[in-house]
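Proteins come first, then strands; the chains are lettered A, B, ... in the order of their sequence lines, and each starts at number 1.
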Amino acid sequence: MPELPEVETIKQELFDKILGKKINFLEIFTPELIKNISLGDFKKYIAGEEIKDILRRGKYLILKLKKASLIIHFRMTGKLIFAKNKLPPSKSTHLIFYFEGGDQLIYQDLRKFGEFKLSFKEDFSDILGIKKLGIEPLSKEFRLETFKALLKSKNANLKLFLIDQTKIAGIGNLYACEILFKAKIHPQRKTLSLKEGEIQALYQAIKEILKKAIFYKGSSLRDEQYQTLGGKLGGFQKHHQVYAKAGENCPRCKSIIQKIILGQRGTYFCPNCQE
DNA sequence: CTGCGGTCCTGAAGGC
DNA sequence: TGCCTTCAGGACCGCA
């Protein structure tokens, strides 16, 4: 599931490949993935235009064009592949951008949950999902005091707080589990119950886990099929401590890692060293 | 306003 | 071996 580190990796790789390049035309095989605009208009604003800039906001990838910005959300199984030559046809190929010089950017998505939208505002505020996003956890603005204020805004279950995109942008189920493990905090704790030391540990864990995951180019799990643009797997899954490891020994204390369901999502933690 | 659960989707994996 | 059921989950939507 492309979360902040995976989308950031894709963004950085796209910089080298397509920044300043012109999209000659595009093929759309699955029109229902285009959400907020007609197919004709979607093509009209993209074909013939140059990639002016590439941004990430939360889990959204943003390609700035001349008159519009292309907004991509990968959901669980969406991925982009950069190719010099035509790839063999695939059931999960839904969209192909053809660049000048023959390069292709191919969007594949097994479950077809991904979304393509066009934004016509400089701050993307016409895209509701982006407008509602909370703070970027790797930005300068994400200070300890800011984080404390966010925690105080509601007495929420901590795991649900971390994946709430309107509070902090970009953390999904996987990284929430890893962050809570690093901070040694139980996922069912309430935001208002955290002590000063725990708040600091959590704040540090958010930044460290996300940065480390970006360093390793994201996490590739079998089910999600995330891969970097060049078709390589990310490397952070080798450093996962708890996610999808129910029944295995905790790497810290050797207790058995448990799985519970919170907010309809699998939540993995060590019942002994996460308090 | 809040919180909960349903919805979308499809291949893999598990059970009998 | 083969068929059927269950599972994975981000964001959105509707309802109580």
### Query
What is the distance, rounded to the nearest whole Å, between atom NZ of A:Lys35 and atom P of C:dC12?
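The answer, rounded to whole Å, is 11 Å.
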### Query
CZ of A:Arg265 versus P of B:dG5: gap in Å, rounded?
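Interatomic distance, CZ of A:Arg265 to P of B:dG5: 12 Å.
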### Query
Residues in salt bridge (Lys or Arg N to Asp or Glu O under 4.0 Å) with A:Lys245, at least two apart?
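Salt bridge (Lys or Arg N to Asp or Glu O under 4.0 Å) list for A:Lys245, sorted by chain: empty.
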Residues 256-270 of chain A side chain polar contacts: donor-acceptor under 3.5 Å, at least two apart:
{"unit_1": "A:Arg265", "atom_1": "NH1", "unit_2": "A:Gly263", "atom_2": "O", "d": "2.8"}
{"unit_1": "A:Thr267", "atom_1": "OG1", "unit_2": "A:Lys159", "atom_2": "NZ", "d": "2.6"}
{"unit_1": "A:Thr267", "atom_1": "OG1", "unit_2": "A:Arg265", "atom_2": "O", "d": "3.2"}

### Query
Would you say the ring centroid of A:Tyr175 lies under 6.0 angstrom from that of A:Tyr243?
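Centroid separation for A:Tyr175 and A:Tyr243: 6.0 Å or greater.
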### Query
Out of C:dA8, B:dG11, C:dA11, which nucleotide sits closest to the side chain of A:Leu110?
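Comparing C:dA8, B:dG11, C:dA11 against the side chain of A:Leu110, the answer is B:dG11.
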### Task
Would you work out how much the helix from B:dT2-C:dA16 to B:dC16-C:dG2 bends between its ends, with each end axis defined by five base pairs, to 10 degrees?
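About 60° separates the two local helix axes.
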### Query
Can you find a pair of side-chain heavy atoms, one from A:Tyr60 and one from A:Gln165, that are under 4.5 Å apart?
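SC-SC contact between A:Tyr60 and A:Gln165 ruled out.
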### Message
Please enumerate all residues that pass salt bridge (Lys or Arg N to Asp or Glu O under 4.0 Å) together with A:Lys44, with sequence neighbours excluded.
### Response
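Applying salt bridge (Lys or Arg N to Asp or Glu O under 4.0 Å) to A:Lys44 gives A:Asp41.
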### Message
Looking only at the side chain of A:Phe113 (C-beta and beyond, no hydrogens), which of the listed nucleotides B:dG11, C:dC12, B:dC8 gets closest?
### Response
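When the side chain of A:Phe113 is considered, B:dC8 is the closest of B:dG11, C:dC12, B:dC8.
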### Query
Counting side-chain heavy atoms from CB outward, which of B:dT10, C:dG10, B:dG5 is closest to A:Arg111?
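Of the candidates, B:dT10 comes closest.
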Please enumerate all protein N or O atoms sitting under 3.5 Å from an N or O of nucleotides 1-4 of chain B, with distances to 0.1 Å.
{"unit_1": "B:dG3", "atom_1": "OP2", "unit_2": "A:Lys154", "atom_2": "NZ", "d": "3.2"}

### Query
So which nucleotide from C:dC12, B:dG5, C:dA8 ends up closest to the side chain of A:Lys259?
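It is C:dA8.
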Could you go through nucleotides 13-16 of chain C and list every protein N or O atom that sits under 3.5 Å from one of its N or O atoms, giving the distance for each pair?
none

### Task
Please tell me which of the listed nucleotides, B:dT10, C:dA11, C:dC12, lies nearest to the side chain of A:Lys132?
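For the A:Lys132 side chain, the nearest candidate turns out to be C:dC12.
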### Message
What is the distance, to the nearest angstrom, from the CD atom on A:Glu3 to the C1' atom on C:dA11?
### Response
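Roughly 13 Å, once rounded to whole Å.
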